[in-house]
2 protein chains.
Amino acid sequence: MLPAIAEVFREHGYEGASLSLIGAATGLGKGSLYHFFPRGKEEMAEAALAEIDGWFEREVYAPLRDAEAPDKAIAAMFDSVDAYFRTGRRACLVGVLALGDARDRFADAIRSYFVRWVAALEAALARAGHAPDDARALAEETVAGVQGAITLARALDDPAVFARAMETMRRRATHGEH
Amino acid sequence: MLPAIAEVFREHGYEGASLSLIGAATGLGKGSLYHFFPRGKEEMAEAALAEIDGWFEREVYAPLRDAEAPDKAIAAMFDSVDAYFRTGRRACLVGVLALGDARDRFADAIRSYFVRWVAALEAALARAGHAPDDARALAEETVAGVQGAITLARALDDPAVFARAMETMRRRATHGEH
DNA sequence: CGTCTCCTGTACCGGTCGGTAAACTTTACC
DNA sequence: GGTAAAGTTTACCGACCGGTACAGGAGACG
(Lines give C-alpha, C1' and ligand atoms only; values in the text may rest on other atoms or scores of the structure.)
Protein backbone atom coordinates (compact mmCIF):
# COMPACT_ATOMS: atom_id res chain seq x y z
CA MET A 1 0.00 0.00 0.00
CA LEU A 2 2.97 2.35 0.54
CA PRO A 3 3.94 2.18 -3.13
CA ALA A 4 0.43 3.28 -4.07
CA ILE A 5 0.60 6.18 -1.62
CA ALA A 6 4.03 7.18 -2.92
CA GLU A 7 2.70 7.14 -6.47
CA VAL A 8 -0.07 9.59 -5.56
CA PHE A 9 2.41 12.01 -3.96
CA ARG A 10 4.74 11.63 -6.93
CA GLU A 11 2.07 12.48 -9.48
CA HIS A 12 0.18 15.16 -7.57
CA GLY A 13 2.71 16.68 -5.18
CA TYR A 14 2.11 17.07 -1.47
CA GLU A 15 -0.73 19.59 -1.72
CA GLY A 16 -2.40 17.87 -4.64
CA ALA A 17 -2.41 14.45 -3.03
CA SER A 18 -5.81 14.53 -1.36
CA LEU A 19 -7.04 11.89 1.04
CA SER A 20 -9.69 10.88 -1.46
CA LEU A 21 -7.03 10.29 -4.14
CA ILE A 22 -4.96 8.28 -1.69
CA GLY A 23 -8.05 6.36 -0.66
CA ALA A 24 -8.85 5.54 -4.26
CA ALA A 25 -5.26 4.48 -4.99
CA THR A 26 -5.03 2.19 -1.98
CA GLY A 27 -8.63 0.97 -1.86
CA LEU A 28 -8.76 2.12 1.76
CA GLY A 29 -11.33 4.39 3.39
CA LYS A 30 -10.39 7.35 5.51
CA GLY A 31 -10.99 5.33 8.66
CA SER A 32 -8.43 2.74 7.66
CA LEU A 33 -5.95 5.33 6.47
CA TYR A 34 -6.11 7.08 9.83
CA HIS A 35 -5.84 3.76 11.60
CA PHE A 36 -2.44 3.16 9.99
CA PHE A 37 -1.31 6.80 9.92
CA PRO A 38 -2.78 8.53 12.97
CA ARG A 39 -0.94 11.78 12.20
CA GLY A 40 -2.61 11.89 8.80
CA LYS A 41 -1.24 13.03 5.48
CA GLU A 42 2.11 14.15 6.83
CA GLU A 43 2.76 10.72 8.29
CA MET A 44 1.76 9.09 5.00
CA ALA A 45 4.29 11.21 3.12
CA GLU A 46 6.97 10.43 5.72
CA ALA A 47 6.27 6.72 5.37
CA ALA A 48 6.41 6.93 1.58
CA LEU A 49 9.70 8.83 1.78
CA ALA A 50 11.10 6.28 4.23
CA GLU A 51 10.19 3.39 1.98
CA ILE A 52 11.81 5.06 -1.02
CA ASP A 53 14.85 5.87 1.06
CA GLY A 54 15.10 2.25 2.14
CA TRP A 55 14.86 1.04 -1.43
CA PHE A 56 17.65 3.34 -2.63
CA GLU A 57 19.81 2.53 0.38
CA ARG A 58 19.46 -1.18 -0.33
CA GLU A 59 19.55 -1.19 -4.12
CA VAL A 60 21.81 1.74 -4.91
CA TYR A 61 23.78 3.34 -2.09
CA ALA A 62 24.97 0.21 -0.30
CA PRO A 63 26.20 -1.50 -3.48
CA LEU A 64 28.02 1.69 -4.49
CA ARG A 65 29.77 1.82 -1.14
CA ASP A 66 30.44 -1.85 -0.56
CA ALA A 67 30.80 -3.69 -3.87
CA GLU A 68 34.28 -5.08 -4.43
CA ALA A 69 33.98 -4.05 -8.11
CA PRO A 70 32.99 -0.35 -8.01
CA ASP A 71 32.75 -0.05 -11.79
CA LYS A 72 30.17 -2.84 -11.81
CA ALA A 73 28.23 -1.12 -9.03
CA ILE A 74 28.22 2.13 -10.98
CA ALA A 75 26.93 0.40 -14.09
CA ALA A 76 24.29 -1.33 -11.98
CA MET A 77 23.25 2.03 -10.55
CA PHE A 78 22.50 3.40 -14.01
CA ASP A 79 20.44 0.31 -14.79
CA SER A 80 18.54 0.48 -11.49
CA VAL A 81 17.84 4.18 -11.84
CA ASP A 82 16.66 3.82 -15.41
CA ALA A 83 14.28 1.05 -14.37
CA TYR A 84 13.10 2.85 -11.23
CA PHE A 85 12.26 6.08 -13.02
CA ARG A 86 10.79 4.18 -15.97
CA THR A 87 13.16 5.87 -18.39
CA GLY A 88 11.98 9.29 -17.32
CA ARG A 89 8.27 8.60 -17.39
CA ARG A 90 8.11 8.50 -13.61
CA ALA A 91 8.90 11.53 -11.49
CA CYS A 92 11.13 11.47 -8.42
CA LEU A 93 9.10 12.04 -5.28
CA VAL A 94 12.06 13.52 -3.42
CA GLY A 95 12.77 15.90 -6.27
CA VAL A 96 9.12 16.91 -6.49
CA LEU A 97 9.02 17.68 -2.78
CA ALA A 98 12.30 19.60 -2.99
CA LEU A 99 10.78 21.99 -5.51
CA GLY A 100 7.51 22.66 -3.69
CA ASP A 101 6.54 24.32 -0.47
CA ALA A 102 6.63 21.00 1.40
CA ARG A 103 10.41 21.26 1.20
CA ASP A 104 10.83 22.60 4.72
CA ARG A 105 8.53 20.02 6.26
CA PHE A 106 10.57 17.12 4.89
CA ALA A 107 13.89 18.93 4.69
CA ASP A 108 15.87 16.29 6.59
CA ALA A 109 14.62 13.34 4.55
CA ILE A 110 15.10 15.22 1.28
CA ARG A 111 18.62 16.34 2.14
CA SER A 112 19.62 12.92 3.42
CA TYR A 113 18.44 11.17 0.25
CA PHE A 114 20.60 13.32 -1.99
CA VAL A 115 23.57 13.67 0.35
CA ARG A 116 23.87 9.91 0.67
CA TRP A 117 23.41 9.33 -3.04
CA VAL A 118 26.17 11.80 -3.91
CA ALA A 119 28.48 10.45 -1.18
CA ALA A 120 27.99 6.82 -2.19
CA LEU A 121 28.56 7.58 -5.86
CA GLU A 122 31.58 9.72 -5.06
CA ALA A 123 33.13 6.87 -3.08
CA ALA A 124 32.53 4.39 -5.89
CA LEU A 125 33.95 6.74 -8.51
CA ALA A 126 37.05 7.35 -6.40
CA ARG A 127 37.56 3.63 -5.87
CA ALA A 128 37.12 3.12 -9.61
CA GLY A 129 40.11 5.33 -10.26
CA HIS A 130 38.82 8.89 -10.53
CA ALA A 131 40.81 11.63 -8.81
CA PRO A 132 39.14 12.72 -5.54
CA ASP A 133 38.09 16.14 -6.87
CA ASP A 134 36.80 14.65 -10.11
CA ALA A 135 34.86 11.99 -8.23
CA ARG A 136 33.12 14.56 -6.09
CA ALA A 137 32.19 16.80 -9.02
CA LEU A 138 31.14 13.90 -11.21
CA ALA A 139 28.93 12.42 -8.50
CA GLU A 140 27.16 15.71 -7.88
CA GLU A 141 26.76 16.30 -11.59
CA THR A 142 25.34 12.84 -12.15
CA VAL A 143 22.77 12.97 -9.35
CA ALA A 144 21.63 16.41 -10.52
CA GLY A 145 21.67 15.15 -14.09
CA VAL A 146 19.19 12.41 -13.28
CA GLN A 147 16.76 14.94 -11.82
CA GLY A 148 17.16 17.23 -14.80
CA ALA A 149 16.70 14.37 -17.24
CA ILE A 150 13.45 13.41 -15.54
CA THR A 151 12.17 16.98 -15.76
CA LEU A 152 13.12 17.41 -19.41
CA ALA A 153 11.85 13.99 -20.46
CA ARG A 154 8.51 14.64 -18.82
CA ALA A 155 8.30 18.16 -20.24
CA LEU A 156 8.93 16.91 -23.77
CA ASP A 157 7.00 13.69 -23.11
CA ASP A 158 9.92 11.84 -24.64
CA PRO A 159 11.68 9.03 -22.74
CA ALA A 160 14.48 9.06 -25.31
CA VAL A 161 15.68 12.33 -23.80
CA PHE A 162 16.12 10.57 -20.48
CA ALA A 163 17.82 7.60 -22.09
CA ARG A 164 20.32 9.81 -23.96
CA ALA A 165 21.18 11.77 -20.83
CA MET A 166 21.72 8.57 -18.89
CA GLU A 167 24.04 7.19 -21.56
CA THR A 168 26.11 10.36 -21.63
CA MET A 169 26.52 10.29 -17.85
CA ARG A 170 27.27 6.58 -17.85
CA ARG A 171 30.03 7.08 -20.39
CA ARG A 172 31.49 9.89 -18.36
CA ALA A 173 31.45 7.80 -15.19
CA THR A 174 32.88 4.61 -16.66
CA HIS A 175 35.26 5.77 -19.40
CA GLY A 176 37.26 8.80 -18.32
CA GLU A 177 38.68 6.76 -15.39
CA HIS A 178 42.28 7.03 -14.17
CA MET B 1 1.34 41.73 -10.90
CA LEU B 2 2.17 38.82 -13.23
CA PRO B 3 5.57 38.33 -11.59
CA ALA B 4 3.85 38.03 -8.22
CA ILE B 5 1.40 35.47 -9.60
CA ALA B 6 4.23 33.53 -11.22
CA GLU B 7 6.09 33.48 -7.93
CA VAL B 8 3.11 31.92 -6.15
CA PHE B 9 2.83 29.17 -8.77
CA ARG B 10 6.58 28.62 -8.63
CA GLU B 11 6.66 28.16 -4.87
CA HIS B 12 3.41 26.27 -4.38
CA GLY B 13 2.77 24.46 -7.66
CA TYR B 14 -0.48 24.66 -9.57
CA GLU B 15 -2.64 22.90 -6.99
CA GLY B 16 -1.02 24.61 -4.03
CA ALA B 17 -1.40 28.10 -5.48
CA SER B 18 -4.75 29.05 -3.98
CA LEU B 19 -6.66 32.17 -4.94
CA SER B 20 -6.15 33.50 -1.43
CA LEU B 21 -2.37 33.11 -1.76
CA ILE B 22 -2.47 34.80 -5.15
CA GLY B 23 -4.67 37.52 -3.71
CA ALA B 24 -2.25 38.10 -0.86
CA ALA B 25 0.75 38.17 -3.20
CA THR B 26 -0.82 40.66 -5.59
CA GLY B 27 -2.82 42.71 -3.10
CA LEU B 28 -5.91 42.03 -5.18
CA GLY B 29 -9.23 40.60 -4.07
CA LYS B 30 -10.93 37.75 -5.83
CA GLY B 31 -13.22 40.09 -7.69
CA SER B 32 -10.29 41.99 -9.20
CA LEU B 33 -8.48 38.80 -10.04
CA TYR B 34 -11.52 37.54 -11.91
CA HIS B 35 -11.85 40.89 -13.64
CA PHE B 36 -8.42 40.43 -15.23
CA PHE B 37 -8.58 36.65 -15.61
CA PRO B 38 -12.21 35.70 -16.29
CA ARG B 39 -11.30 32.05 -16.79
CA GLY B 40 -9.77 31.96 -13.31
CA LYS B 41 -6.72 30.15 -12.06
CA GLU B 42 -5.96 28.41 -15.31
CA GLU B 43 -5.82 31.71 -17.15
CA MET B 44 -3.56 33.14 -14.46
CA ALA B 45 -1.13 30.27 -14.89
CA GLU B 46 -1.24 30.66 -18.67
CA ALA B 47 -0.50 34.35 -18.35
CA ALA B 48 2.38 33.68 -15.96
CA LEU B 49 3.79 31.08 -18.35
CA ALA B 50 3.43 33.45 -21.29
CA GLU B 51 5.27 36.19 -19.46
CA ILE B 52 8.10 33.85 -18.54
CA ASP B 53 8.20 32.56 -22.10
CA GLY B 54 8.44 36.09 -23.39
CA TRP B 55 11.29 36.89 -21.04
CA PHE B 56 13.31 33.86 -22.08
CA GLU B 57 12.57 34.47 -25.75
CA ARG B 58 13.82 38.03 -25.46
CA GLU B 59 16.73 37.57 -23.07
CA VAL B 60 17.98 34.09 -23.91
CA TYR B 61 16.66 32.39 -27.05
CA ALA B 62 16.82 35.31 -29.46
CA PRO B 63 20.39 36.28 -28.50
CA LEU B 64 21.48 32.64 -28.86
CA ARG B 65 19.99 32.48 -32.34
CA ASP B 66 20.89 35.90 -33.63
CA ALA B 67 24.04 37.20 -31.96
CA GLU B 68 26.93 37.61 -34.37
CA ALA B 69 29.25 36.25 -31.65
CA PRO B 70 27.66 32.97 -30.53
CA ASP B 71 30.27 32.29 -27.86
CA LYS B 72 29.41 35.60 -26.24
CA ALA B 73 25.71 34.76 -26.38
CA ILE B 74 26.35 31.40 -24.73
CA ALA B 75 28.34 33.03 -21.95
CA ALA B 76 25.57 35.60 -21.55
CA MET B 77 23.03 32.80 -21.30
CA PHE B 78 24.81 31.27 -18.33
CA ASP B 79 24.90 34.65 -16.64
CA SER B 80 21.23 35.35 -17.33
CA VAL B 81 20.13 31.92 -16.15
CA ASP B 82 22.19 32.16 -12.98
CA ALA B 83 20.65 35.52 -12.21
CA TYR B 84 17.12 34.47 -13.14
CA PHE B 85 17.13 31.37 -10.96
CA ARG B 86 18.91 33.21 -8.15
CA THR B 87 21.76 30.71 -8.18
CA GLY B 88 19.39 27.83 -7.60
CA ARG B 89 17.35 29.43 -4.85
CA ARG B 90 14.45 30.00 -7.18
CA ALA B 91 12.55 27.14 -8.80
CA CYS B 92 11.65 27.01 -12.49
CA LEU B 93 7.89 27.31 -12.94
CA VAL B 94 7.96 25.38 -16.20
CA GLY B 95 9.93 22.58 -14.60
CA VAL B 96 7.62 22.49 -11.60
CA LEU B 97 4.57 22.20 -13.85
CA ALA B 98 6.26 19.52 -15.95
CA LEU B 99 6.64 17.30 -12.88
CA GLY B 100 3.10 17.69 -11.54
CA ASP B 101 -0.34 16.70 -12.70
CA ALA B 102 -0.85 20.09 -14.37
CA ARG B 103 1.55 18.87 -17.05
CA ASP B 104 -1.18 17.89 -19.50
CA ARG B 105 -3.09 21.11 -19.06
CA PHE B 106 -0.09 23.24 -20.05
CA ALA B 107 1.65 20.66 -22.22
CA ASP B 108 2.08 22.93 -25.23
CA ALA B 109 3.58 25.82 -23.31
CA ILE B 110 5.87 23.53 -21.33
CA ARG B 111 7.09 21.67 -24.40
CA SER B 112 7.59 24.86 -26.39
CA TYR B 113 9.67 26.47 -23.64
CA PHE B 114 12.14 23.59 -23.55
CA VAL B 115 12.13 22.79 -27.27
CA ARG B 116 13.00 26.37 -28.14
CA TRP B 117 15.65 26.61 -25.45
CA VAL B 118 17.37 23.45 -26.67
CA ALA B 119 17.08 24.48 -30.33
CA ALA B 120 18.45 27.98 -29.73
CA LEU B 121 21.36 26.68 -27.68
CA GLU B 122 22.08 23.96 -30.22
CA ALA B 123 22.24 26.54 -33.00
CA ALA B 124 24.60 28.75 -31.02
CA LEU B 125 26.87 25.84 -30.10
CA ALA B 126 27.02 24.73 -33.74
CA ARG B 127 27.85 28.24 -34.89
CA ALA B 128 30.52 28.40 -32.19
CA GLY B 129 32.26 25.45 -33.78
CA HIS B 130 30.81 22.31 -32.20
CA ALA B 131 30.04 19.38 -34.47
CA PRO B 132 26.31 19.12 -35.21
CA ASP B 133 25.81 15.95 -33.17
CA ASP B 134 27.82 17.33 -30.27
CA ALA B 135 25.89 20.58 -30.38
CA ARG B 136 22.57 18.80 -30.15
CA ALA B 137 23.64 16.53 -27.28
CA LEU B 138 25.37 19.33 -25.41
CA ALA B 139 22.34 21.61 -25.69
CA GLU B 140 19.98 18.98 -24.38
CA GLU B 141 22.37 18.08 -21.60
CA THR B 142 22.79 21.70 -20.57
CA VAL B 143 19.08 22.53 -20.45
CA ALA B 144 18.40 19.39 -18.43
CA GLY B 145 21.43 20.17 -16.28
CA VAL B 146 19.99 23.52 -15.27
CA GLN B 147 16.77 21.86 -14.10
CA GLY B 148 18.69 19.22 -12.20
CA ALA B 149 20.94 21.79 -10.61
CA ILE B 150 17.92 23.71 -9.36
CA THR B 151 16.41 20.58 -7.86
CA LEU B 152 19.62 19.51 -6.14
CA ALA B 153 20.50 22.98 -4.91
CA ARG B 154 17.06 23.38 -3.38
CA ALA B 155 17.10 19.90 -1.89
CA LEU B 156 20.44 20.54 -0.22
CA ASP B 157 19.58 24.17 0.43
CA ASP B 158 22.98 25.06 -0.99
CA PRO B 159 23.32 27.51 -3.87
CA ALA B 160 26.97 26.51 -4.28
CA VAL B 161 25.76 23.24 -5.79
CA PHE B 162 23.98 25.21 -8.50
CA ALA B 163 26.98 27.46 -9.06
CA ARG B 164 29.35 24.50 -9.46
CA ALA B 165 27.04 22.74 -11.92
CA MET B 166 26.71 25.92 -13.97
CA GLU B 167 30.49 26.36 -14.12
CA THR B 168 30.99 22.78 -15.27
CA MET B 169 28.43 23.19 -18.04
CA ARG B 170 29.82 26.57 -19.03
CA ARG B 171 33.30 25.09 -19.39
CA ARG B 172 31.97 22.26 -21.51
CA ALA B 173 30.07 24.67 -23.76
CA THR B 174 32.84 27.22 -24.25
CA HIS B 175 36.05 25.16 -24.14
CA GLY B 176 35.77 21.88 -26.05
CA GLU B 177 34.90 23.89 -29.19
CA HIS B 178 36.15 22.97 -32.67
C1' DC C 1 -19.94 -19.98 22.14
C1' DG C 2 -17.93 -15.51 24.01
C1' DT C 3 -14.81 -11.93 23.78
C1' DC C 4 -11.10 -9.12 22.63
C1' DT C 5 -8.29 -6.89 19.16
C1' DC C 6 -7.77 -5.19 14.77
C1' DC C 7 -9.70 -3.05 11.03
C1' DT C 8 -13.31 -0.56 8.25
C1' DG C 9 -17.53 2.17 6.67
C1' DT C 10 -20.19 6.10 7.57
C1' DA C 11 -21.49 10.31 9.13
C1' DC C 12 -19.96 14.44 10.46
C1' DC C 13 -16.95 18.73 11.79
C1' DG C 14 -15.11 23.48 10.69
C1' DG C 15 -12.56 25.43 7.20
C1' DT C 16 -11.00 26.45 2.62
C1' DC C 17 -11.36 25.61 -2.17
C1' DG C 18 -12.46 27.79 -7.03
C1' DG C 19 -15.88 30.48 -8.77
C1' DT C 20 -20.14 33.82 -9.12
C1' DA C 21 -23.11 37.97 -8.49
C1' DA C 22 -23.95 42.34 -7.86
C1' DA C 23 -23.49 46.70 -5.55
C1' DC C 24 -20.13 49.92 -5.02
C1' DT C 25 -16.01 53.30 -5.81
C1' DT C 26 -12.68 55.10 -8.69
C1' DT C 27 -10.91 56.77 -13.00
C1' DA C 28 -10.94 58.66 -17.70
C1' DC C 29 -12.86 61.38 -21.05
C1' DC C 30 -16.11 64.53 -23.25
C1' DG D 1 -19.68 68.31 -14.16
C1' DG D 2 -21.84 64.34 -16.25
C1' DT D 3 -21.37 59.87 -17.74
C1' DA D 4 -19.64 55.53 -18.81
C1' DA D 5 -16.23 52.27 -18.33
C1' DA D 6 -12.83 50.09 -15.34
C1' DG D 7 -11.84 48.23 -11.25
C1' DT D 8 -12.97 46.66 -6.38
C1' DT D 9 -15.48 45.10 -2.27
C1' DT D 10 -18.38 42.02 -0.07
C1' DA D 11 -21.26 38.30 0.50
C1' DC D 12 -22.29 34.09 -1.04
C1' DC D 13 -22.42 29.26 -3.47
C1' DG D 14 -21.71 24.12 -3.61
C1' DA D 15 -17.86 21.09 -3.41
C1' DC D 16 -14.14 19.34 -1.35
C1' DC D 17 -10.40 19.66 2.05
C1' DG D 18 -7.95 17.25 6.26
C1' DG D 19 -9.39 15.33 10.32
C1' DT D 20 -12.54 13.10 14.04
C1' DA D 21 -15.97 10.02 16.29
C1' DC D 22 -17.88 5.90 16.62
C1' DA D 23 -20.58 1.96 15.73
C1' DG D 24 -20.01 -2.05 14.03
C1' DG D 25 -17.63 -6.31 11.25
C1' DA D 26 -13.98 -9.90 10.87
C1' DG D 27 -10.95 -13.09 12.70
C1' DA D 28 -8.12 -15.17 16.26
C1' DC D 29 -8.11 -17.34 20.56
C1' DG D 30 -10.15 -19.02 24.85
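Chain letters run A, B, ... following the sequence lines, proteins first and then strands; every chain starts at 1.
Because its NZ or CZ atom is not both nearer than 6.0 Å to the ring centre of F56(A) and within 45° of the ring axis, R116(A) does not count as a cation-pi partner of that residue.
In this pair, W117(B) and F114(B) present their aromatic rings parallel. The plane angle is below 30°, not in the 30 to 60° band.
Residues L19(B) and M44(B) form a side-chain contact, since some pair of their non-hydrogen atoms from C-beta on lies under 4.5 Å apart. When side chains are defined from C-beta on, T142(B) counts as touching M77(B), because their heavy atoms get closer than 4.5 Å.
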Base contacts versus sugar-phosphate-only contacts with protein, heavy atoms under 4.0 Å: please encode nucleotides 5-19 of chain C as B, S and - from 5' to 3'. --BBB-------SBB
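Between E167(B) and R172(B) there is no salt bridge, since no side-chain N of the basic residue sits under 4.0 Å from a carboxylate O of the acidic one.
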